[in-house]
Colleague: 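Below is one structure. I have some questions about it.
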Amino acid sequence: MKDISFSKYIKIFSVLIAIALIGNSNTIWVSLPSISNVFQNLLLLVLIISISVILIINAEVKINKNLTMGYLFILIYLLIYIVIKHNSFSVLSDIKSILIFSFIYFYIGICIRNQFVSLMLGYYVDILVVIGLISIFFWLFGPILGLIHPSSYVFSNWGSQSVYAVPNYFNVYFETQMLNGIPRNTAIFTEAPMASLNFFMALIIDSFFLKERKSYKQFIMIVCILTTLSSTGYIGVILFVIAKVASHNFKNPTWNMCKLILMPMILTVGLIMINTLFGKKLGDTSGQIRRDDYLAGWNALKNSPLFGQGTNSDSIKNYMSSWRSFNLGFSNTILDLLVQNGIYIFLLIIYAVVTSISNSFKNRDYDRLIFIILFIYLFVTTIFTKTFLMFFIFTLICFNWKKYIGEK
């Protein structure tokens, strides 16, 4: 009976961690001025309490020397940054980031070996599958067919200096964006790229991380991404399909030979589709804003490359073109992080990626390699700076997860 109770608590708090990861990933509630701070602090509290409970009730908790030394090195490295770059505006945010990283670091470092991390990520995928199915229903029967009408409106300030009304369908679906007069499926997120980001993360976690993989979940996530009408999501799906075909090993040698013969054609078609989508994206206003983001980010970085402009700094807006004053939101994580915290902090990201790629080749774990490449694609094209998800994935890839989740 004690073991059953223990298992139940692990599952409950694993679900709560998964909810915190999703809730913090630019859901609509993060963009509502009336509740944003309360909501984000609540998610942080849920994350910390859930991780603490799992570590406390886990009878197999062992903090080895390497785990401790690695943490102390990173902690000292981060504290040096705070001392050098400190100001009253950013120091609290920097300490909060260290707190989040610390809990996630020990959670992964300790719990990955008994598969609690895999359990939690399985719930993460399942929750997004449910969110995705609900979103498809309301997207189709709501704004597309007009058979269901909004139950109320919420007021968001995402990507804008003023608030605007967002149609709300019973607090489970929010109609935040249109594209050329066509409603985009944004589920519970602030915009289509954010919905695509979360659905895509669930897709690659189920495909390249979890031991037990479900094709129907992957199919649902792909459909959800397609309904967002996000070019970033479409390109991601094409990259995913190419990677999936290339990495799949058929039991029949004949099929493997056919795959080898057809792979150049599949790759060529995929690249043509990506080039077409990329060209169309650059031709519309959204694409021009994204292009301007990269230019603005690069110019802002050149003024303070080593330590950045400071956490939560809005200085990057000074480098944006005046024609886009109606949309001053930034759209990619890589330059947002570099502008805020400079090359000094970015070196930690480089270390995580290089270490993980090295381990992928060393262990011949090509699923891990594909996972990293596709996640980096999101990192370069989508904004989710310093979310729980960003901290979690960059910490996760530093660990040799294949050793603990077994052959796949």
Side-chain angles (χ1 to χ4, degrees), residues 1-25 27 29-30 35-72 74-75 78 92-131 188 198 201-202 205-206 209-212 384 386-401 403-406:
M1 183 65 68
K2 183 177 179 181
D3 291 338
I4 294 175
S5 177
F6 172 80
S7 177
K8 180 180 68 174
Y9 285 118
I10 291 296
K11 289 178 180 179
I12 290 172
F13 287 102
S14 293
V15 168
L16 290 175
I17 293 172
I19 290 172
L21 286 181
I22 296 168
N24 182 251
S25 294
T27 53
W29 300 285
V30 171
I35 65 168
S36 178
N37 289 334
V38 173
F39 180 72
Q40 294 193 68
N41 288 333
L42 178 62
L43 290 176
L44 177 59
L45 192 62
V46 169
L47 182 76
I48 290 174
I49 291 175
S50 299
I51 290 177
S52 299
V53 171
I54 288 178
L55 294 180
I56 289 170
I57 65 178
N58 181 9
E60 298 178 2
V61 168
K62 293 180 181 178
I63 304 179
N64 60 46
K65 181 179 179 182
N66 290 338
L67 189 67
T68 304
M69 293 303 294
Y71 173 73
L72 289 176
I74 297 173
L75 179 62
L78 294 173
L92 289 178
S93 293
D94 289 331
I95 292 174
K96 180 180 177 181
S97 293
I98 291 176
L99 180 67
I100 294 168
F101 162 74
S102 299
F103 275 89
I104 289 176
Y105 177 88
F106 281 109
Y107 169 69
I108 294 175
I110 293 170
C111 293
I112 194 170
R113 64 194 64 201
N114 53 23
Q115 301 196 35
F116 290 169
V117 174
S118 296
L119 175 70
M120 186 280 294
L121 287 176
Y123 288 138
Y124 173 89
V125 172
D126 290 343
I127 293 169
L128 277 166
V129 167
V130 173
I131 291 172
I188 59 169
N198 285 275
M201 277 307 309
I205 287 172
D206 190 78
F209 179 87
L210 297 180
K211 185 177 180 179
E212 295 182 7
F384 56 106
K386 296 181 182 176
T387 57
F388 298 165
L389 182 65
M390 192 198 88
F391 285 117
F392 188 91
I393 298 299
F394 276 120
T395 304
L396 177 65
I397 64 175
C398 290
F399 290 87
N400 183 14
W401 69 59
K403 176 180 176 183
Y404 301 113
I405 66 173

Colleague: The criterion is ring-ring contact (aromatic ring centres under 6.0 Å, His included); which residues satisfy it with Phe39, sequence neighbours excluded?
Modeller: Trp29
Colleague: Indicate yes or no for a side-chain donor-acceptor contact from Tyr105 to the backbone of Leu67 under 3.5 Å, with no hydrogens or angles considered.
Modeller: yes
Colleague: Given the rule in the side-chain contact (heavy atoms from CB on, under 4.5 Å) test, do Ile98 and Asp94 qualify, once you have shown the distances and angles that lead to the verdict?
Modeller: CA-CA 6 Å; Ile98 291 176; Asp94 289 331; 5.5 Å; no
Colleague: Under the criterion side-chain contact (heavy atoms from CB on, under 4.5 Å), I'd like the reasoning laid out for Ile54 against Ile110: C-alpha separation, chi angles, the key distance, then a yes or no.
Modeller: CA-CA 10 Å; Ile54 288 178; Ile110 293 170; over 6 Å; no
Colleague: Would you indicate whether the side-chain heavy atoms of Phe399 and Val117 approach each other to under 4.5 Å?
Modeller: no
Colleague: Report yes if some heavy atom in the side chain of Ile19 is under 4.5 Å from a heavy atom in the side chain of Tyr123; otherwise report no.
Modeller: no
Colleague: Which atom pair, heavy atoms only, marks the closest approach of Leu389 to Ser25?
Modeller: CB-OG, 3.7 Å
Colleague: Quick check for you: to the nearest 0.5 Å, what is the distance between Leu44 atom CG and Ile48 atom CD1?
Modeller: 4.0 Å
Colleague: On a heavy-atom basis, which atom in Ile127 and which in Val15 lie closest, and how many Å separate them?
Modeller: CD1-O, 4.2 Å
Colleague: Kindly compute the distance separating CG (Leu43) from OG1 (Thr387), expressed to the nearest 0.5 Å.
Modeller: 11.5 Å
Colleague: Identify the two heavy atoms, one from Val125 and one from Ile205, that lie closest to each other, and give their separation to 0.1 Å.
Modeller: CG2-CG2, 3.8 Å
Colleague: List the atom of Cys111, the atom of Leu55, and the distance in Å for their closest heavy-atom pair.
Modeller: SG-CD2, 3.8 Å
Colleague: Evaluate the side-chain contact (heavy atoms from CB on, under 4.5 Å) criterion for residues Met120 and Leu21: first the C-alpha distance (whole Å), next the side-chain angles of each, then the deciding distance (0.1 Å), finally the verdict.
Modeller: CA-CA 10 Å; Met120 186 280 294; Leu21 286 181; 3.7 Å; yes
Colleague: Using a 4.5 Å cut-off on heavy atoms from C-beta on, say whether the side chain of Ile22 contacts that of Ile131.
Modeller: yes
Colleague: Using 30° and 60° as the class limits, which term best fits the ring planes of Phe392 and Tyr107: parallel, tilted or perpendicular?
Modeller: tilted
Colleague: Report the residue from Leu210, Leu119, Val129, Asn198 that forms a side chain to side chain contact (heavy atoms under 4.5 Å, CB included) with Tyr124.
Modeller: Asn198
Colleague: For Ser97 versus Phe391, what's the shortest heavy-atom pair and its separation?
Modeller: CB-CZ, 3.7 Å
Colleague: Looking only at heavy atoms, which two atoms of Val30 and Gly23 are closest? And how far apart?
Modeller: CG2-O, 3.7 Å
Colleague: Supply the atom-to-atom distance Leu128 CG to Ile188 CD1, rounded to the nearest 0.5 angstrom.
Modeller: 7.5 Å
Colleague: Checking Phe116 against Ile10 for the side-chain contact (heavy atoms from CB on, under 4.5 Å) test, could you report, in this order, the C-alpha distance in whole Å, the side-chain angles of both residues, the deciding distance, and whether it holds?
Modeller: CA-CA 8 Å; Phe116 290 169; Ile10 291 296; 3.7 Å; yes
Colleague: Quick check against the 3.5 Å criterion: does Asn41 have a side-chain atom that pairs as donor or acceptor with the backbone of Asn37?
Modeller: yes
Colleague: Within the 4.5 Å heavy-atom criterion, are Leu16 and Val53 side-chain neighbours or not?
Modeller: no
Colleague: Going from CZ on Phe388 to CD on Gln40, what distance comes out if it is rounded to the nearest 0.5 angstrom?
Modeller: 8.0 Å
Colleague: Hey, what do you get for CD1 (Ile108) to CD1 (Ile393), rounding to the nearest 0.5 Å?
Modeller: 7.5 Å
Colleague: From Ile112 CD1 over to Ser118 OG, what is the distance, rounded to the nearest 0.5 angstrom?
Modeller: 6.5 Å
